[in-house]
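Just the heavy atoms: all of them, side chains too, but no hydrogens, waters or symmetry mates, feed the values below. Throughout, protein chains are lettered first and strands after them, A, B, ... in sequence-line order, and every chain is numbered starting at 1. Quick caveat, the model's predicted, so the values are computed rather than measured.
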There are 2 protein chains.
Amino acid sequence: MEHEPDGSESLRLEDLIGYHLRRASIIDLQGASSVLDPLGTRLVPLSVLAKIIEHPGTTSAEICRMLGMQRANIVSILAELEGKSLVAREADPLDQRLQRLSATEAGMKAGQQWLSLLRQHEERVFARLSCAERDQLRDLLARIWQSDEG
Amino acid sequence: MEHEPDGSESLRLEDLIGYHLRRASIIDLQGASSVLDPLGTRLVPLSVLAKIIEHPGTTSAEICRMLGMQRANIVSILAELEGKSLVAREADPLDQRLQRLSATEAGMKAGQQWLSLLRQHEERVFARLSCAERDQLRDLLARIWQSDEG
DNA sequence: TATTGTTATACTCTATAACTATA
DNA sequence: TATAGTTATAGAGTATAACAATA
């Protein structure tokens, strides 16, 4: 934290971490979108698909808790993934409220391909950072949002 | 970068820096919004006002370049700030296309107050990080988006 | 009562395209 | 031609409130 000669706080926009967080996030987001766009997908569907692959048989509500999103907002995403035959839903026989989710063969393939392309995109976005710096950044960021979780 | 035993890349969502960037940014954004909401403002108007205070006599197009936003999107923001008498516009006598912007007394006071509240908000969001870690994070983030600037 | 999936709705932020006036 | 400010519009991603079905 910087201080002015008179002891009052310096109040420039650039001193706020949130400002840099936002701008870096926008850069990354736009690059990711331009990579995923030709494939006809976006970041949120990719994240949902990745979580279904990681956790076969999971439910919509569980994914929302994992990704920190609202239940209302996953509905159209799942409809989209199902419409592309990347994800299948199956009613849970023991709890009729639940729809167990799983990735199809095509879904697993697409998920791996999408993630792989995103990784290539990150190579470009974070080109100025060394591997150690990237690990450090990932760790610092994780501590921010994970400290906010239940 | 982590690798699987067979040499293929590990492809979990959590390995992507962009994932953590996004989630941390959302946490910060939501906290900032809840702080600014009672004051009747938001992050972008605050950023624009801060830049006008920092650069008296600047123009709308210059602020857009500084903040990395589209000219179209600053129009309603400036109208809002002007409507609250926080910002004044004055035609440039030498170039009729330009509107020179300046903060009113009330605008300077509001800008300082808003930034000060945001700083308090950051104390909470980044509470788990030491001062050195916050500086490090700010630096790493700045290098990401500033490497993308002209 | 609580949870799941869903619908409807609204807001913020970003983006693009096209226009007018001026340089 | 290029730039400044503007309008209109669209899209992604959030958020809340309320509902029916089930537990």
Does a side-chain heavy-atom distance below 4.5 Å link B:Lys51 with B:Leu67? yes

Any side-chain to backbone donor/acceptor pair from [X] onto [Y]? Under 3.5 Å, distance only.
| X | Y | value |
| --- | --- | --- |
| B:Glu54 | A:Arg12 | no |
| B:Glu122 | A:Gly18 | yes |
| B:Thr104 | B:Ser85 | yes |
| B:Arg23 | A:Ala142 | no |

In whole Å, I'd like the distance from the [atom1] atom of [X] to the [atom2] atom of [N].
| X | N | atom1 | atom2 | result |
| --- | --- | --- | --- | --- |
| A:Asn73 | C:dT12 | CG | P | 16 Å |
| A:Leu78 | C:dT6 | CG | C1' | 12 Å |
| A:Ile63 | C:dT4 | CD1 | P | 13 Å |
| A:Glu90 | C:dG5 | CD | C1' | 17 Å |
| A:Arg42 | C:dC13 | CZ | P | 21 Å |
| A:Gln96 | C:dT3 | CD | C1' | 14 Å |
| A:Gln70 | C:dT3 | CD | C1' | 15 Å |
| A:Glu82 | C:dG5 | CD | C1' | 13 Å |

Pair B:His20-A:Asp139, side-chain hydrogen bond (donor to acceptor under 3.5 Å, both in side chains): steps then yes or no: CA-CA 9 Å; B:His20 298 282; A:Asp139 173 66; over 6 Å; no

Pairwise 5' ranking along DNA chain D for A:Leu43 and B:Arg97, keeping only the more 5' one: B:Arg97

Could you say whether A:Asp95 or A:Arg71 is positioned toward the 5' end of DNA chain D, judged by the nucleotide with the nearest heavy atom to each? A:Arg71

Phosphate OP1/OP2 of C:dG5: any A:Arg100 side-chain N/O under 4.0 Å: no

Below 4.0 angstrom from OP1 or OP2 of C:dT14, is there any side-chain N or O of A:Arg22? yes

Taking for each residue the nucleotide of DNA chain C bearing the nearest heavy atom, is the 5' side occupied by B:Asp92 or by B:Leu29? B:Leu29

For DNA chain D, which nucleotides open and close the run of contacts to chain A, 5' to 3', at under 4.0 angstrom from a non-hydrogen atom? D:dA12 to D:dA23

Within the 4.0 Å heavy-atom criterion, would you say [X] contacts the bases, only the backbone, or no part of the nucleic acid?
| X | result |
| --- | --- |
| A:Ser33 | nothing |
| B:Ile26 | sugar-phosphate |
| B:Val44 | sugar-phosphate |

Residues B:Leu11, A:Leu118; criterion side chain to side chain contact (heavy atoms under 4.5 Å, CB included); working and verdict: CA-CA 10 Å; B:Leu11 291 173; A:Leu118 268 199; over 6 Å; no

